Amino acid sequence: MSAPTTTRAEYCVIACAEAWRGDGEVLASPMGLIPSFGARLAKRTFSPDLLLTDGEAMLVGLDGTAEGWLPYRRHLAMVTGGKRHVMMGASQIDRFGNQNISCIGDWEQPARQLLGVRGAPVNTLNNPVSYWVPKHSPRVFVARVDMVSGVGYDRAEAAGPSATRYHRLPRVVSDLGVFDFSGPGHSMRVVSVHPGVTVEQVRAATGFELAAADEVPYTREPTARELRLIREVIDPRGSRDREVRG
């Protein structure tokens, strides 16, 4: 019997995992279900030096066993030295990577109060930050964020060398595709679309102009081993398909 067709959620896991490719020994800080599956897949396959935590105070192995203590002071040292790669969420993100998780609407009287700025400025100015968006739409990919939480390329460059030393936004992954900031002026560019998605669909779901090559590839296929790890080891209950349908 042939293996089931790769699902959209599994392409998203693969795309998130790829964000950590080549990072070496850095702390992976995935925020969210699909990013956490991606980080664990990356460590089990092509990025074995990644450090994973229990989300609180311990470094953990692939089976979740505690391997070391990560006190707050050590965590801060990693953060401020570029030795962590976070994958955060975004309630809004613009073409230069400015991210909002704080409020929707005018800051003085917002229509919706969200998480607050939290650690987004420190994350983006001190270590690489990628983003995961489970529902790609013009309400998330906006021309201008209502409030800057995570710092984008235009604002980091305007602030000067102290802001750009460790600032890097490697990837944005959504349920439609993968993006980076190698467009004109560090603007967002389409890297790949997930199978079944067209560039036209992505552009229609985006509130600003996206850079793209004449021919945009599909997100890469998972290997047989990667699919087995996702389905049998990392997420045997299929939680990924509840976050990303399609």
Side-chain angles (χ1 to χ4, degrees), residues 9-10 12-91 93 97 99 101-102 114-134 149-151 165-174 178 222 225-226 229-240 242-244:
E10 288 163 346
C12 291
V13 172
I14 289 292
C16 287
E18 285 288 342
W20 282 283
R21 183 183 285 275
D23 277 0
E25 192 177 37
V26 303
L27 182 65
S29 293
M31 300 180 185
L33 192 67
I34 297 291
S36 69
F37 294 159
R40 289 161 61 189
L41 181 66
K43 183 172 176 63
R44 286 181 179 273
T45 53
F46 50 76
S47 293
D49 293 332
L50 277 183
L51 302 176
L52 302 179
T53 74
D54 62 358
E56 295 184 9
M58 304 299 293
L59 293 170
V60 297
L62 289 172
D63 61 356
T65 302
E67 294 185 338
W69 182 40
L70 187 67
Y72 197 58
R73 63 181 179 275
R74 185 179 173 196
H75 198 155
L76 285 177
M78 297 178 80
V79 170
T80 56
K83 287 294 187 179
R84 183 174 71 151
H85 184 170
V86 182
M87 182 168 279
M88 299 176 65
S91 299
I93 189 167
Q99 169 246 31
I101 52 171
S102 184
L114 304 174
L115 290 174
V117 172
R118 311 285 288 191
V122 174
N123 288 343
T124 48
L125 293 183
N126 289 284
N127 51 242
V129 174
S130 293
Y131 291 106
W132 160 243
V133 178
S149 302
V151 179
R165 183 181 180 188
Y166 294 120
H167 179 270
R168 187 165 67 91
L169 308 177
R171 282 287 188 268
V172 177
V173 180
S174 80
V178 181
R225 180 179 178 231
E226 287 170 334
L229 287 170
I230 293 170
R231 294 171 179 178
E232 299 177 15
V233 179
I234 295 172
D235 183 31
R237 296 184 178 181
S239 301
R240 61 194 178 279
R242 291 197 289 273
E243 183 167 14
V244 177

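This is a predicted model, so every value here is computed, not measured.
A distance of 13.0 Å separates CZ in Arg165 from CG in Leu125, rounded to the nearest 0.5 Å. Between atom CZ of residue Arg225 and atom CG of residue Leu41 there is a gap of 8.5 Å, rounded to the nearest 0.5 Å. Put simply, CG on Leu33 and CG on Asp235 are 6.5 Å apart, with the number rounded to the nearest 0.5 Å. In this structure, the separation between CE on Met88 and OG on Ser29 is 10.5 Å, given to the nearest 0.5 Å. Distance CG/Leu115 to OG/Ser91: 6.5 Å, rounded to 0.5 Å.
The minimum heavy-atom distance linking Ala17 with Ala42 is given by the pair O-CB, 3.7 Å. Considering all non-hydrogen atoms of both residues, Tyr131 and Leu169 come closest at CE1-CD2, 4.3 Å. When all heavy atoms are compared, the tightest approach of Ile101 to Gly89 is CG2-O, 3.9 Å. Minimum interatomic distance between Leu62 and Arg44 (heavy atoms only, all atoms of both residues): O-NH2, 3.1 Å. Heavy-atom minimum distance, Ala39 versus Ala28: CB-CB, 4.3 Å. Minimum heavy-atom separation, Thr45 to Pro48: O-CD, 4.0 Å.
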side-chain contact (heavy atoms from CB on, under 4.5 Å) between Tyr166 and Asn127, worked out = CA-CA 5 Å; Tyr166 294 120; Asn127 51 242; 5.7 Å; no
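Annotation: side chain of Phe37 is not in contact with side chain of Glu243 (no heavy-atom distance under 4.5 Å). Side chains of Glu226 and Glu10 form no contact here, defined as non-hydrogen atoms less than 4.5 Å apart. Between Glu18 and Phe46, the closest side-chain pair of non-hydrogen atoms falls below 4.5 Å. A 4.5 Å side-chain heavy-atom check between Arg240 and Ile34 finds at least one atom pair inside the cut-off.
Annotation: ring-ring contact (aromatic ring centres under 6.0 Å, His included) contacts involving residues 15-35, sequence neighbours excluded, comprise Trp20-His85.
Between the side chain of Lys83 and the backbone N or O of Val26 there is no donor-acceptor pair closer than 3.5 Å. Within the 3.5 Å criterion, the main-chain N or O of Gly150 finds no donor-acceptor partner in the side chain of Thr124.
A donor and an acceptor atom, one from each side chain of Asn123 and Arg84, are located under 3.5 Å apart.
Arg118 pairs by the salt bridge (Lys or Arg N to Asp or Glu O under 4.0 Å) definition with nothing, not counting sequence neighbours.
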